[in-house]
Amino acid sequence: MKLHIALLPGDGIGPEISAQGVAVMNAVARRFGHELTFTEALVGAAAIDATGNPFPEQTYEACAAADAVLFSAVGHPRYDADPTATVRPEQGLLAMRKRLGLYANIRPVQTFEGLLHLSPLRPDVVRGADFVCIRELTGGMYFGEKHEGDDEAWDTNRYTRPEVERILAVAYAYAARRRGLVTVVDKANVLASSRLWRKVGAEMAALHPDVRTEYMYVDNAAMRLVQEPTHFDVLVTENTFGDILTDEGSCISGSLGLLPSASVGTGTPVFEPIHGSWPQAAGKDIANPLAQILSAAMLFEHFGLTAEGAAVRRAVDASIEAGVRTPDIQPAGAPRYGTREVGAWIARQVGEQ
Ligand code: IPM
Ligand code: MG
């Protein structure tokens, strides 16, 4: 297969992990006989520095012309420290999602047997946890009407029926090929927008008798996620709740550096780690490239290349088992490997399996 990829390395550790994602993708291409081409484009603080815009038109065009986007991270402390900054790196990510119509963010949460001890939760609680969070990505408070005055400010949590229908459809499609449970997470005891989700949810549930549908308030879901993460199969929720719950979900795996995601919708799909740009680590060759590399596995799988995705996943598992790990997941006293060494090891492993 020929795939043209737009590479958006972004800020902080982004360029370092992006390079490892590319190394592994190229190893897959060599082994399976695919033709990959890459176009790099600016996003986030890097794009603001160069053009004043965190998602320049040229970057949009590179994304629109590609089959997929491999995205890394955006964010810079210069903007975090300044609440008055009107142009922020994160706006680049939001603009990309909106302009590419990426309404569904797929965030799988799984555990790695060799890393169970890293989770702040007990190994017997997290062992076997394996679920997918489906987060609505282009609606809700992130994009609703806003007002920002000195004495009053608001964000509007608006959802329309088609927006709810299409994200629930994604959840049902996942549940049908998994364990058949959809958990709709909302706050229907308080929020009108959540009650629309429930109304549409009841209609969709009737159309999917093969899948069990349950509803859970978001506060309760936050608790169940740490109490009994193995309960969940497919969790679907609105943009803001999904943002919060997926960071919580990431600690089940032990490190934010392990979790990939896919954002899909009407335009070019984007594959990105769920972690941020970790500016303090930039240039130090210590960032964990696994979330980026697993995002590349999701990219291959998106195009039906399941053997390719599986090869990447096996190589990642092998690196963990072999103890070729970055410091965030390496026990104290064990040899430490850099971002580049881990990426190169996995790329080699893909070629040798
Ligand atoms: C995420 C991030 C973004 C979000 C930020 C960087 C705008 O936290 O992808 O989860 O809130 O969506
Ligand atoms: Mg987040």
Side-chain angles (χ1 to χ4, degrees), residues 8-14 17-18 21 42-48 53-55 59 63 69-83 85-109 132-144 146 148 155-157 159 163 167 185 218 221-222 225 235-253 255-265 269-282 287-288 291-292 294-295 298-299:
L8 273 56
D11 307 322
I13 59 170
I17 59 168
S18 176
L42 291 169
V43 70
I48 299 176
N53 178 348
F55 189 62
T59 300
C63 294
V69 176
L70 190 71
F71 183 95
S72 300
V74 290
H76 192 284
R78 188 162 69 236
Y79 302 91
D80 294 337
D82 177 10
T86 50
V87 180
R88 312 180 74 85
E90 289 79 5
Q91 288 164 348
L93 182 58
L94 301 184
M96 178 181 75
R97 291 171 178 169
K98 197 66 176 179
R99 287 203 67 188
L100 297 177
L102 306 173
Y103 60 82
N105 183 222
I106 319 291
R107 295 185 167 183
V109 175
V132 184
C133 287
I134 311 233
R135 166 186 175 195
E136 200 291 325
L137 204 57
T138 50
M141 272 195 282
Y142 275 63
F143 295 97
K146 289 175 191 299
E148 202 159 351
D155 304 278
T156 315
N157 200 30
Y159 271 105
E163 282 174 327
I167 192 72
V185 173
V218 63
L225 272 176
L235 187 157
V236 59
T237 191
E238 60 152 86
N239 205 345
T240 307
F241 296 161
D243 177 46
I244 298 165
L245 293 180
T246 50
D247 262 32
E248 186 188 355
S250 74
C251 74
I252 292 167
S253 306
S255 170
L256 203 53
L258 295 169
L259 292 187
S261 81
S263 299
V264 299
V270 173
F271 300 85
E272 54 172 314
I274 89 153
H275 61 70
S277 60
W278 197 17
Q280 302 78 358
N288 191 339
Q292 178 84 81
L294 290 168
S295 300
M298 289 186 85
L299 187 159

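In what follows, residues are counted from 1 in the order of the sequence shown. First listed ligand is number 1; within each ligand, the first listed atom is number 1.
Interface of Glu90 with ligand 1, defined as ligand atoms under 4.0 Å from a residue heavy atom, comprises 6 (C), 7 (C).
Partner of His275 under the side chain to side chain contact (heavy atoms under 4.5 Å, CB included) criterion, chosen from Asn288, Ile17, Asp247: Ile17.
Judged by distance alone, with hydrogens and angles left aside, the side-chain atoms of Arg107 form no donor-acceptor pair with the main-chain N or O of Leu259 at under 3.5 Å. Panel note: side chain Ser261, backbone Glu272; a donor-acceptor pair is recorded below 3.5 Å.
In this structure, Arg97 has a heavy atom closer than 4.0 Å to ligand 1.
In this structure, atom 3 (C) of ligand 1 lies nearest to the protein heavy atom Leu93 CD2, 4.0 Å. With hydrogens left out, the protein atom closest to atom 4 (C) of ligand 1 is Tyr142 OH, 3.5 Å, a heavy atom. For atom 8 (O) of ligand 1, the nearest protein heavy atom (residue, atom name, distance) is Asp243 OD1, 3.3 Å.
Leu100 CG to Phe55 CZ: the interatomic distance, rounded to the nearest 0.5 Å, is 5.0 Å. The distance from the CG atom of Leu245 to the CZ atom of Arg135 is 10.0 Å, given to the nearest 0.5 Å.
Counting only heavy atoms from C-beta outward, the side chains of Val74 and Pro54 never approach each other to under 4.5 Å.
Residue contacts with ligand 1, taken as heavy atom pairs separated by less than 4.0 Å, involve Arg135 solely via side-chain atoms from C-beta onward.
Nearest residue to atom 1 (C) of ligand 1 from Arg88, His275, Arg107 is Arg107 (criterion: closest heavy atom).
Taking the Mg ion (ligand 2) as reference, the nearest N/O/S atom within Asp243 carries the name OD1.
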